[in-house]
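Take a look at the structure set out below.
The sequence lines fix the lettering, A, B, ..., with proteins before strands; numbering per chain opens at 1. All values reported here derive from a predicted model rather than from experimental measurement.
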Protein chains: 2
Amino acid sequence: MKSHKTAAAFGAVLRELRKQQSLSQEKLAFESGLDRTYISLLEVGQRSPSLETMLALSRALQIPLAYLASLVEARLVESSDDRRNAS
Amino acid sequence: MKSHKTAAAFGAVLRELRKQQSLSQEKLAFESGLDRTYISLLEVGQRSPSLETMLALSRALQIPLAYLASLVEARLVESSDDRRNAS
DNA sequence: GTGTAGACTGCTGTCGACT
DNA sequence: TAGTCGACAGCAGTCTACA
């Protein structure tokens, strides 16, 4: 298996952040200067972003890049847990 | 102008972190699973990384992705100062 | 030990259209 | 409002080789 895990983690985080601000994909696309269909691809985990793209999104969401990164990182460790001690 | 600024910022940060650990590009390439020549391209600001690449590098450098991101962000604000009020 | 170049593969990101 | 599809341009990332 190919592990597009990072794309999935990023997509989940992006969707959460967007919904927290009650933005539509369309609005976020506009604010970030990215394509609407691409935002969709990101959220469903079909694409994984470049650094430039992450910066554009963090600006549109008005959060620091480091915060975005920390959320993605957290998702990644979660998803890689053993499920041996997981409650 | 095309602003490969983020590539330059990232490259500078990467080089700094690598030197702090006294690693060669070769060693870092090996640890991260990336190509040696690509590490070089990153450091000179000729390429800008994907999320996956940033993750590989942060692991090789044994630092959180969020920390790497914060350093890049800091470089970016520095380089975007007006030089009007800059001392 | 590093920078660079050329050639190549695959994926990112855009666009229009339909569901 | 959001997911997807096909086609496309451009760039990320590899490899060999040389300075």
Using whole Å, report how far [atom1] of [X] lies from [atom2] of [N].
X	N	atom1	atom2	answer
A/H4	C/dG10	NE2	P	18 Å
A/K27	D/dA2	NZ	C1'	18 Å
A/R47	D/dC5	CZ	P	11 Å
A/D35	C/dG16	CG	P	9 Å
B/Q46	D/dT14	CD	C1'	17 Å
B/L51	C/dC11	CG	P	16 Å
B/L41	C/dG1	CG	C1'	15 Å
B/I39	C/dG3	CD1	P	11 Å

Review point. Has B/R15 got a side-chain N or O lying under 4.0 Å from the OP1 or OP2 atom of C/dG3?
Key: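 It does, given that an N or O in the side chain of B/R15 lies less than 4.0 Å from OP1 or OP2 of C/dG3.
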Practice item. Respond yes when some side-chain nitrogen or oxygen of A/S40 is under 4.0 Å from OP1 or OP2 of D/dG3, and no when none is. Key: yes
Check your understanding: Do B/L61 and B/L23 touch side chain to side chain, with heavy atoms closer than 4.5 Å?
Key -> yes
Practice item. With the side chain counted from C-beta on, respond yes when A/Q20 and A/L17 share a heavy-atom pair under 4.5 Å apart, and no when they do not. Key: yes
Point to revise | Minimum-distance nucleotide (side-chain atoms of B/Q25 versus D/dT1, D/dA12, C/dT2) | key: C/dT2
Point to revise | Distance-only donor-acceptor test, A/R36 side-chain atoms vs D/dG3 base atoms, 3.5 Å | key: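 Answer yes: a donor N or O sits under 3.5 Å from an acceptor.
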Review point. Between B/S50 and A/T37, who's closer to the 5' end of DNA chain C by nearest nucleotide?
Key: B/S50
Practice item. Pick base, sugar-phosphate or nothing for B/L34, based on heavy-atom distances below 4.0 Å to the nucleic acid. Key: sugar-phosphate
